[in-house]
Amino acid sequence: QKEVEQDPGPLSVPEGAIVSLNCTYSNSAFQYFMWYRQYSRKGPELLMYTYSSGNKEDGRFTAQVDKSSKYISLFIRDSQPSDSATYLCAMRRDDYKLSFGAGTTVTVRA
Amino acid sequence: ETGVTQSPTHLIKTRGQQVTLRCSSQSGHNTVSWYQQALGQGPQFIFQYYREEENGRGNFPPRFSGLQFPNYSSELNVNALELDDSALYLCASSLGGYADTQYFGPGTRLTVL
């Protein structure tokens with residue numbers, strides 16, 4: 001069983017829809033949670049970084065962490081074609097190593 | 001866009017050869033981590049360097065080795081290349097510490113034939 005599970009999709013939504021992405025994890029030692037966006041043939045770009053359980057909002061993006069359920073989510077409101085990318089969840093313990101999900105490929109249709 | 005740069009952009013090698021990939025970290029960052037991303041997968045941690053010392057290693061064989069220089073730039077060396085080494089190699093720089101955030105470069109795409 002992988003430490004971090006993420007549905008690879010693909011996910012296709014119309015422009016303006018809410019995109020909902022999630023990951024589950026098995027290691028309760030994970031303390032820091034991140035979402036990265038990766039465009040084709042590019043490096044991952046940090047979108048959201050959270051530490052505690054609860055919600056964190058940044059513009060059109062909302063990250064949720066539920067440590068009791070070992071479940072994290074990312075919501076993208078008012079999605080745009082420019083949001084079409086692969087979204088990677090990542091998490092780490094109180095050390096150096098990031099553990100990533102496999103990534104979910106999202107297409108926003110104009 | 002981050003200040004992390006990597007070279008070369010693409011590389012083609014044959015099985016058994018050796019390769020060196022390079023990374024320049026973002027200004028002010030003293031920590032560099034290397035990841036391997038196979039097609040359709042998330043990045044897998046290879047190792048991290050902090051102030052020129054290896055600070056941790058993932059489940060990769062010893063033929064994957066690295067260096068960090070006094071200016072905090074870094075190299076990843078892979079010996080005896082195998083077909084499965086074909087992947088996107090990413091480096092990420094950070095300030096270090098428990099709450100550090102890693103910023104990724106664009107990656108080097110390695111193809112092993």
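Here the structure is a predicted model, which means the values were calculated and not measured. Quick note on labels: first sequence line is chain A, next is B, and so on, each numbered from 1.
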Measure A:Y39 against the heavy atoms of chain B and call it side chain, backbone, both or neither at under 4.5 Å. neither

Verdict with reasoning, B:N55 to A:K97, per side chain to side chain contact (heavy atoms under 4.5 Å, CB included): CA-CA 10 Å; B:N55 190 39; A:K97 172 192 165 186; over 6 Å; no

Treat each ILVMFWY residue as a node, draw an edge where side-chain heavy atoms are under 4.5 Å apart, and state whether B:Y89 and B:V4 are in one component. no

Checking A:L98 against B:Y35 for the side chain to side chain contact (heavy atoms under 4.5 Å, CB included) test, could you report, in this order, the C-alpha distance in whole Å, the side-chain angles of both residues, the deciding distance, and whether it holds? CA-CA 9 Å; A:L98 281 179; B:Y35 293 81; 3.2 Å; yes

In terms of heavy-atom pairs under 4.5 Å with chain A, which of B:P43, B:A38, B:A92 leads? B:P43

If you look only at pairs with a residue in residues 56-71 of chain B, which of them pass as a salt bridge (Lys or Arg N to Asp or Glu O under 4.0 Å), with sequence neighbours excluded? B:E54-B:R57, B:R63-B:E82, B:R63-B:D85

So with a 6.0 Å cut-off around CG of B:N59, is the heavy-atom count from everything else above 12? no

Count I, L, V, M, F, W, Y as connected when their side-chain heavy atoms are under 4.5 Å apart, and connections chain through other members. Are B:L67 and B:F47 then in the same cluster? no

Answer with side chain, backbone, both or neither: which region of B:Q41 has an atom nearer than 4.5 Å to a non-hydrogen atom of chain A? both

Is it the case that atom CG in B:L39 sees more than 12 heavy atoms from other parts of the structure closer than 6.0 Å? no

Side chain, backbone, both or neither: which part of B:Q102 has an atom under 4.5 Å from a heavy atom of chain A? both

Starting at CG of B:L88, measure out to CZ of A:R41 and round the result to the nearest 0.5 Å. 9.5 Å

Under 6.0 Å from the CZ atom of B:R15, do we count more than 12 heavy atoms belonging to anything else shown? no

Minimal heavy-atom distance between B:L90 and A:G43, with the atoms involved, is CD2-CA, 3.9 Å

Using atom types as modelled, flag every donor-acceptor pair under 3.5 Å from a side chain in residues 99-110 of chain A to any protein atom, sequence neighbours excluded.
{"residue": "A:S99", "atom": "OG", "partner": "A:E3", "partner atom": "OE1", "Å": "3.2"}
{"residue": "A:T104", "atom": "OG1", "partner": "A:Q6", "partner atom": "NE2", "Å": "3.3"}
{"residue": "A:T104", "atom": "OG1", "partner": "A:D7", "partner atom": "O", "Å": "2.4"}
{"residue": "A:T105", "atom": "OG1", "partner": "A:T86", "partner atom": "OG1", "Å": "3.3"}
{"residue": "A:R109", "atom": "NH1", "partner": "A:S12", "partner atom": "O", "Å": "3.4"}
{"residue": "A:R109", "atom": "NH1", "partner": "A:S12", "partner atom": "OG", "Å": "2.7"}

Select one option (side chain, backbone, both, neither) describing which atoms of A:Q31 are under 4.5 Å from chain B's heavy atoms. neither

In Å and rounded to the nearest 0.5 Å, what is the NZ to CZ distance from A:K42 to B:F104? 16.0 Å

